[in-house]
Engineer: 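One structure, as structure tokens, below. Some questions next.
In this text, all values refer to a predicted model and were calculated from it rather than measured experimentally.
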Amino acid sequence: MFENILLGIGPLLSVNMLIAIAGGVTGGVLIGVLPGLTSTMGIALLIPITFSMPPEVGLAMLGGIYLASTYSGAISGILLNIPGTPAAVATLLDGYPMTQKGQSTKALALATFGSCIGGLISVVALLFIAPPLAEFSLRFGSPEYFLLAVFGITVIASLSGEDVEKGLIAGIFGLLLSTVGNHPLTGFMRFTYDIPALFDGIPLVVSLIGLYSIPEVIDMLTRRKSGEKIKLNLDESNPLRFFPEVISQKVNLIRSSLIGIAVGIIPGVGCSVGGFLSYDAAKRSSKKPEEFGKGSTAGVLASETANNAVTGGTLIPLLTLGVPGNPVTAVLLGGIMIHGLRPGAELFTTNADIVYSFILSLFISNLLFVPVGLFMAKYCVRLIQIPRSILAPAIMAMAVIGSYAIRGSMEDVWIMLFIGFCGFVMHFFAVPRAPMVLGLVLGTMAEGELSRSLSLIHGDVGAFLIQLVTRPISLVILILCILSLVQGIRQQIKKNSVYEN
């Protein structure tokens, strides 16, 4: 493994790689500060830019966006009580009260240093946990990969929020879209209507751009404008002088990082859950729990350390098994596949230089967003005051250009607009879009592996079902699928009982 790590250092030190990391981190900070521009949308919009780059450079840029945008949601949350991303919601509980006390720079410093430390610890976990898990995946055959895709699809219940039925509808719609184009084994054309752009299926990146950009643009243009002028509460103290206070909370940092990593590994949970769990753990173990919610430094540090530790945790099942843990990694999975890479053992052997340079680039990204975030905090938060009449057309232009640039086809732009309209309808009826992403991404994988499995046993469905329960790894994954479904059903029953009472 150490040889592979050394192999990844070479590409990491190239000028192109460092520029990509810096660009990704800077763009991620800007995306995270703006409410509505989530990490998922940012990565979906910028994937087309990475097409002309080597895979390791493109992935490093996307990784920088992911980490920096997860962190920077806390900037607007601390200064304005407006979370830039869902990951920063727990940070508001103590971050904004600190700003009201005139301690905004201290709160930003705690959030920045905590995010950096949590992110670094999670990348270490990724570096040492992922390769053995990937090596274990060598024992996987087509039935196991099929069940892994099914397991990923069962996460739909967890990504559906409070309305599982709507989440299932979105997931099924994504699965249906994944069947468009030629069959993975026979090449038979399905639902293409003689449109050449559909022969290879619904373009994944085009779909992601439309799904996450068009609804936000429409929402920006139709939302009522607030006449209240936003007041920025800033103080001018040196943020570096608060670093010793961060280091002094060693137990809080380690506990929050471990919680974040564990939450990230579990598919369908997310950064916001990691932040709240860590915040609750810090409050329970604090000698002064009454300070939480009133400007506790431990509360800010716990939530921000955990939600950035989640990022490294989510990449462990993504890179080793191809199972995305949240909508961001579902989009990132699309970016990995578009560069011709496949998660699993092959990624850590045949493409070791690419995957290890990507993982090591995350170290640099976590370190880089400290100076970038602290420097830009006082300035980029003012982007929130940009008129929506300017911001919305700019996002729309990026969506159109990005969709066209992929294959130089106007048909892709029309597909993007169609998927975007579907996304707007889903947004209007409060149907979650993340399950649709999972269905679209994993549907192709599930169909391909199922076809390969059946072809090896000459289409004998009975023999295939017997394989699922007699192969040890398949049986374990099948049990996990059942447990995931049972958990989703229990959550739904519990929710219905609360409504009835």
Side-chain angles (χ1 to χ4, degrees), residues 67 70-75 77-78 81 83 85-126 128-129 158 239-314 316 325-326 366 370 373 487 491:
L67 300 184
T70 301
Y71 144 72
S72 64
I75 296 176
I78 289 171
N81 204 29
T85 59
V89 175
T91 309
L92 303 183
L93 301 177
D94 286 293
Y96 188 65
M98 289 183 69
T99 295
Q100 291 176 313
K101 295 177 181 179
Q103 299 177 331
S104 59
T105 299
K106 182 177 182 179
L108 287 171
L110 292 170
T112 304
F113 293 132
S115 295
C116 174
I117 293 171
L120 289 173
I121 293 175
S122 72
V123 176
V124 171
L126 171 64
F128 288 98
I129 294 176
S158 300
L240 296 178
R241 70 187 183 92
F242 300 111
F243 184 70
E245 183 175 345
V246 173
I247 297 299
S248 67
Q249 299 190 39
K250 297 183 181 65
V251 175
N252 191 6
L253 288 170
I254 295 173
R255 180 183 58 241
S256 301
S257 298
L258 294 178
I259 290 173
I261 293 168
V263 167
I265 293 175
I266 301 171
V269 183
C271 295
S272 57
V273 175
F276 277 113
L277 288 177
S278 180
Y279 182 88
D280 181 65
K283 184 177 180 179
R284 290 177 183 274
S285 61
S286 175
K287 296 178 180 179
K288 299 178 181 179
E290 68 279 359
E291 293 183 358
F292 282 71
K294 301 176 183 178
S296 169
T297 58
V300 173
L301 195 60
S303 61
E304 280 302 302
T305 302
N307 63 37
N308 261 72
V310 170
T311 58
T314 59
I316 293 174
N326 58 18
N366 275 298
V370 173
Q487 180 65 20
Q491 289 177 355

Engineer: Sequence neighbours left out, what passes side chain to side chain contact (heavy atoms under 4.5 Å, CB included) with Ile121? Give chain and number order.
Structural biologist: Ile117, Ser257, Ile261

Engineer: Quick one: CD1 on Ile247 to CG on Leu253, what's the gap to the nearest 0.5 Å?
Structural biologist: 6.5 Å

Engineer: Would you name the heavy atoms of Ile78 and Ala111 that are closest together and state the gap between them?
Structural biologist: CD1-CB, 3.8 Å

Engineer: Just how far is it from atom CG of Leu67 to atom CG of Leu120, taken to the nearest 0.5 Å?
Structural biologist: 9.5 Å

Engineer: How many angstroms lie between OG in Ser278 and CG in Asn307, if you round to the nearest 0.5 Å?
Structural biologist: 9.0 Å

Engineer: Report the distance from atom CD of Gln103 to atom CG of Leu108, rounding to the nearest 0.5 Å.
Structural biologist: 12.0 Å

Engineer: Quick one: does Ser248's side chain have a donor or acceptor within less than 3.5 Å of a partner on Glu245's backbone?
Structural biologist: yes

Engineer: Can you name the closest pair of heavy atoms from Glu291 and Asp94 and give their distance?
Structural biologist: O-OD1, 3.6 Å

Engineer: Got a second to check how far Phe113's CZ is from Leu240's CG, nearest 0.5 Å?
Structural biologist: 5.0 Å

Engineer: Pro239 and Ala109: which non-hydrogen atoms are nearest, and at how many Å?
Structural biologist: O-CB, 3.6 Å

Engineer: Please report, to 0.1 Å, the donor-acceptor pairs under 3.5 Å made by any side chain of residues 292-300, with sequence neighbours excluded.
Structural biologist:
| unit_1 | atom_1 | unit_2 | atom_2 | d |
| --- | --- | --- | --- | --- |
| Ser296 | OG | Ala298 | N | 3.3 |
| Ser296 | OG | Gly299 | N | 3.3 |

Engineer: Once side chain to side chain contact (heavy atoms under 4.5 Å, CB included) is applied, do any residues pair with Ile316, and if so which ones, sequence neighbours excluded?
Structural biologist: Leu126, Ile129, Leu133, Ile265

Engineer: Applying side chain to side chain donor-acceptor pair (under 3.5 Å), name anything that partners Thr91, two or more places apart in sequence or on another chain.
Structural biologist: Ser303, Glu304

Engineer: Is there a donor-acceptor pair under 3.5 Å between the side chain of Thr311 and the backbone N or O of Asn308?
Structural biologist: yes

Engineer: Among all residues two or more places apart in sequence or in another chain, which pass the side chain to side chain donor-acceptor pair (under 3.5 Å) test with Asn252?
Structural biologist: Gln249, Arg255, Ser256

Engineer: For residues Ser122 and Ala309, report the shortest heavy-atom separation together with the two atoms involved.
Structural biologist: CB-O, 3.1 Å

Engineer: Can you name the side chain to side chain contact (heavy atoms under 4.5 Å, CB included) partners of Ile254, sequence neighbours left out?
Structural biologist: Leu258

Engineer: Measure the spacing between OG1 of Thr99 and NZ of Lys106 and express it to the nearest 0.5 Å.
Structural biologist: 12.0 Å

